[in-house]
Visitor: 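Structure below; questions to follow.
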Amino acid sequence: MLQRFHLHQFRNYRDQVFVPDSAVTVVTGENGSGKTSLLEAIYLLGSGRSFRTARMASLVMADTNECTLFAEIATEQGPRRVGIKRNKQALLDARLDGERVAGLSDIARLFPVQVLHPGTVELVEGGSSARRRYLDWAMFHVEHDFVGEWRRLRSAVEQRNKLLKQPSLKLRELTVWDRQVAESSVRIDSLRRRYLPQLTALFNDELAVFSASVPAVGLSLHSGWAAGEDIAEALTAGAEQDKRRGFTSKGAHRADLVLSTEEGSVREVFSRGQQKIVAYALVMAQVRLIRELVGRDCLMLVDDLTSELDRENVDRVMSAVIRVSRQVIVTSLDPALAPLTKETDYTVFHVEHGTLKKV
């Protein structure tokens, strides 16, 4: 787990070392002080993306050109060192134990991180892309072959989309990419479906713990093409329409995790508060899945639950997070959040203008 974290020129952190030395770390401070930015930096190192923005240029401190994140982490194989450097346009460097790595997948596999934050509800109320990322994060960690298959699919879809945008395209030119999209889609769909029953069972467990008032929710997978349809035939039949649209409309890259109740779609019949609980239960189920299948613990980041939920539900969510994760870092405007961890060893930090101090 995370033992030492160094932020250099990230957001409002000029140069800061953070040492979370207990099972639960509570970070307090005023709005804009740097609480969420600390979690964002940790999440970025473990996932390669921000949970707050797609504008990666905003991660670099305003008066500088690049930022660096470095961590010392404890694993079953011993201590490891990971770090990345990026400017406002792109990733410049990624290293594992001092050696440069081509991408971030090696770091992500070694350092699994999940976050609960105000945007987590997008898993329920947002578009299908958020739910695909949710499914595929678990697949990345539990199924070794998944990342290679996903890259093959992405490459095939990109090549097919390029052809679709060419005015002089003859549909037979799509054949080789149709075949690759179809083959990878079938394999990815099979992998996703293999783990869906276990994920569903864990989700139902977590949902019951969070709230007895939330009706039962079913999880099902829309493959990205119609049930009973042959994906290869569907790509051929839909080629003319795809050409007009300029993109590949069927395949595993268009899949969705469908959340439903007896009364209809969760997004349509649940209140926003109920949707938040469903979203948090989904994340908790995912963390439990990788622990049960590959024995890997996930660092949990929790950003200001008290602004999202009432006190009773905050207590339930925090109890669930502490139960499923060996290490938790949680932010709050309210220092009184600390008693929520009364049965767990915890440390409190206060942050002000990008400076962390242990309380």
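Any value given below was found using the heavy atoms of this structure, including those in side chains, with hydrogens, waters and symmetry copies removed.
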Visitor: Out of K88, K85, R86, which residue meets the salt bridge (Lys or Arg N to Asp or Glu O under 4.0 Å) rule with E66?
Guide: K85
Visitor: Give a yes or no on whether Y346 and V27 share a hydrophobic cluster (residues Ile, Leu, Val, Met, Phe, Trp, Tyr; joining criterion: side-chain heavy atoms under 4.5 Å apart).
Guide: no
Visitor: Could you tell me whether the side chain of R95 reaches within less than 4.5 Å of the side chain of I107, counting heavy atoms only?
Guide: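 In short, these two side chains do not touch, never coming nearer than 4.5 Å.
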Visitor: Go through the side-chain N and O atoms of N31 and S33 and say whether any donor and acceptor fall under 3.5 Å apart.
Guide: no
Visitor: Quick check: closest heavy atoms across L202 and E292, and the distance to 0.1 Å?
Guide: CD2-OE2, 3.6 Å
Visitor: Minimum heavy-atom separation for R288 and V324, please, with both atom names.
Guide: CG-CG1, 3.6 Å
Visitor: Once you round to the nearest 0.5 Å, how far does OG of S58 lie from CZ of R52?
Guide: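 Between atom OG of S58 and atom CZ of R52 there are 8.0 Å.
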Visitor: Check whether L59 and F18 end up in the same hydrophobic cluster, where Ile, Leu, Val, Met, Phe, Trp and Tyr are linked by side-chain heavy atoms less than 4.5 Å apart.
Guide: yes
Visitor: side-chain hydrogen bond (donor to acceptor under 3.5 Å, both in side chains) between S223 and R193: does it pass, once the steps are laid out?
Guide: CA-CA 9 Å; S223 298; R193 290 183 183 279; 2.7 Å; yes
Visitor: Would L39 end up clustered with F111 when hydrophobic side chains under 4.5 Å apart are linked, directly or stepwise?
Guide: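 They do share one cluster, since a chain of ILVMFWY contacts under 4.5 Å joins L39 to F111.
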Visitor: Any side-chain heavy atom of N313 within less than 4.5 Å of one from K276?
Guide: no
Visitor: For D21, run the side chain to side chain donor-acceptor pair (under 3.5 Å) check against Q3, R4, K358 and tell me which one passes.
Guide: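 Testing D21 for a side chain to side chain donor-acceptor pair (under 3.5 Å) against Q3, R4, K358 leaves exactly one candidate, K358.
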Visitor: Flag the pair E125 and R272 as a salt bridge only when some basic side-chain nitrogen lies within less than 4.0 angstrom of an acidic carboxylate oxygen.
Guide: yes
Visitor: Under the 3.5 angstrom rule, does the side chain of Q274 hit a backbone N or O of V214 as a donor-acceptor pair?
Guide: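 Looks like no, no N/O pair under 3.5 Å.
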Visitor: Looking at every heavy atom in both L153 and V181, which two are closest together, and how far apart are they?
Guide: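 In this case the closest contact between L153 and V181 is CD1-O, 3.9 Å.
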Visitor: So, K35 and D303, do they make that salt bridge, N to O below 4.0 Å?
Guide: no
Visitor: Do you reckon L301 sits in the same ILVMFWY cluster as V17, going by side-chain contacts under 4.5 Å, direct or chained?
Guide: no
Visitor: Between K250 and E229, is any pair of side-chain heavy atoms under 4.5 Å apart?
Guide: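 Yes, at least one pair of side-chain atoms sits under 4.5 Å.
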Visitor: State, to 0.1 Å, how close V113 and W137 come at their nearest heavy-atom pair, and which atoms those are.
Guide: O-CZ2, 3.8 Å
Visitor: Answer yes when D145 and R187 have at least one side-chain N-carboxylate O distance shorter than 4.0 Å, and no when they do not.
Guide: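 Looking at D145 and R187, the cut-off is not met.
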Visitor: Should the ring pair F51 and Y43 be called parallel, tilted or perpendicular, given that the plane angle runs from 0 to 90° and is split at 30 and 60?
Guide: perpendicular
Visitor: Determine whether L135 and Y195 make a side-chain contact, defined as any pair of heavy atoms from C-beta on separated by less than 4.5 Å.
Guide: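 Counting from C-beta outward, L135 and Y195 never come under 4.5 Å.
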Visitor: Measure from the side-chain N and O atoms of E173 to the backbone N and O of K170, and report whether any donor-acceptor pair falls under 3.5 Å.
Guide: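 Present.
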Visitor: Among side-chain atoms of D304 and H117, is any donor-acceptor pair under 3.5 angstrom?
Guide: no
Visitor: Considering residues, nucleotides and ligands other than R326, do more than 12 of their heavy atoms fall under 6.0 Å from its CZ?
Guide: no
Visitor: A quick test of your reading: do over 12 heavy atoms of other residues, nucleotides or ligands sit less than 6.0 Å from NZ of K357?
Guide: no
Visitor: Please tell me whether R55 and S50 have a donor and an acceptor in their side chains that are separated by less than 3.5 angstrom.
Guide: no
Visitor: Any chance CG of D310 has more than 12 other-residue heavy atoms, nucleotides or ligands included, within less than 6.0 Å?
Guide: yes
Visitor: Show the nearest heavy-atom pair for residues S185 and A252, with the distance to one decimal.
Guide: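 Taking S185 first and A252 second, the nearest heavy atoms are OG-N, 3.0 Å.
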Visitor: Is NZ or CZ of R81 both nearer than 6.0 Å to the six-membered ring centre of F70 and within 45° of the ring axis?
Guide: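 No cation-pi geometry.
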Visitor: If you measure only the distance, is there a donor-acceptor pair under 3.5 Å linking the side chains of S184 and E149?
Guide: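 Yes, a side-chain donor-acceptor pair sits under 3.5 Å.
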Visitor: With a 4.0 Å cut-off, would you call R316 and E312 a salt bridge?
Guide: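 Here R316 pairs with E312 in a salt bridge, since their nearest N and O are under 4.0 Å apart.
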Visitor: Atom CD1 of I231 and atom CG of L235: how far apart are they, to the nearest 0.5 Å?
Guide: 4.0 Å
Visitor: Give a yes or no on whether the backbone of L257 and the side-chain of R131 come within a donor-acceptor separation of less than 3.5 Å.
Guide: yes
Visitor: Decide whether I84 and L96 are clustered together by the hydrophobic rule: side chain heavy atoms of Ile, Leu, Val, Met, Phe, Trp, Tyr closer than 4.5 Å, transitively.
Guide: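 Same hydrophobic cluster.
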Visitor: S37 and Y13: which non-hydrogen atoms are nearest, and at how many Å?
Guide: CB-CE1, 4.0 Å
Visitor: Does a side chain donor of either D242 or T248 reach within less than 3.5 Å of an acceptor in the other side chain?
Guide: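 Side chains of D242 and T248: no pair found under 3.5 Å.
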Visitor: Can R14 and D63 be counted as an ion pair, charged N to O under 4.0 angstrom?
Guide: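 Looking at R14 and D63, the cut-off is met.
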